[in-house]
Amino acid sequence: MDEKGLRELLLQRLHMELLLFKDSMLRKEKEDIFKDSYKIEVYVDLYEVFVENAADLDEDTMRGLLNLNFGILGSVYQKWMERKDGFYDDLQDYACGELRNISEMGRPGCGCAKEGEDDDGTGYDQAA
């Protein structure tokens, strides 16, 4: 099969995988669909990334993807979930910073201390 044929086959397979995934999600109860919202988002995003980059793939890469004995999207999703990312840490740092800003000059009570920050008794709410 030539490169163009491989690319078309890959795109068809990715599309079919996405359709099957969507169908499996739509068979679930509303609460379960909501619980899987992140998974749905990642599958759709992965599909879009692969489609956008399909033109740049060489024949060996396309053959490798097509020869997987399991779903391309599912496989990449599983590997993605095994990665440790800094999203939660970044979100926590940002949210705690916002809480400190809102809590009148960092007054205790927001539940978020800056890393390495100790209570030295010099805050505005401290007795003299």
(message) Please tell me whether Tyr47 and Val44 are part of a single hydrophobic cluster in this structure, the criterion being side-chain heavy atoms less than 4.5 Å apart.
(response) yes
(message) If hydrophobic clusters are built from ILVMFWY residues whose side chains come within less than 4.5 Å, do Ile40 and Leu19 share one?
(response)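 Shared cluster, no.
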[atom1] of [X] to [atom2] of [Y]: how many Å apart, nearest 0.5 Å?
{"X": "Arg27", "Y": "Asp32", "atom1": "CZ", "atom2": "CG", "answer": "14.5 Å"}
{"X": "Leu9", "Y": "Leu14", "atom1": "CG", "atom2": "CG", "answer": "9.5 Å"}
{"X": "Lys28", "Y": "Asp36", "atom1": "NZ", "atom2": "CG", "answer": "3.5 Å"}

Got a sec, which residues hit salt bridge (charged side-chain N to carboxylate O under 4.0 Å, His left out) with [X], two or more places apart in sequence or on another chain?
{"X": "Glu41", "value": "none"}
{"X": "Lys39", "value": "none"}
{"X": "Asp45", "value": "none"}

(message) Using every non-hydrogen atom in the two residues, find where Phe70 and Arg13 come nearest and quote the distance to one decimal.
(response) O-NH2, 2.7 Å
(request) Check whether any side-chain N or O of Arg7 sits under 3.5 Å from a backbone N or O of Met62 as a donor-acceptor pair, and report yes or no. (result)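 Checking the backbone N and O of Met62 against the side chain of Arg7, no donor-acceptor pair under 3.5 Å is found.
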(message) Which residues pass the side chain to side chain contact (heavy atoms under 4.5 Å, CB included) test with Arg63, not counting sequence neighbours?
(response) Leu6, Glu59, Asn67
(request) Could I get the full list of side chain to side chain contact (heavy atoms under 4.5 Å, CB included) partners for Asp58, not counting sequence neighbours? (result) Asp60, Thr61
Under 3.5 Å, side-chain donor or acceptor atoms of residues 72-80 against the rest of the protein: list the pairs with distances, not counting sequence neighbours.
unit_1, atom_1, unit_2, atom_2, d
Trp80, NE1, Tyr38, OH, 2.7

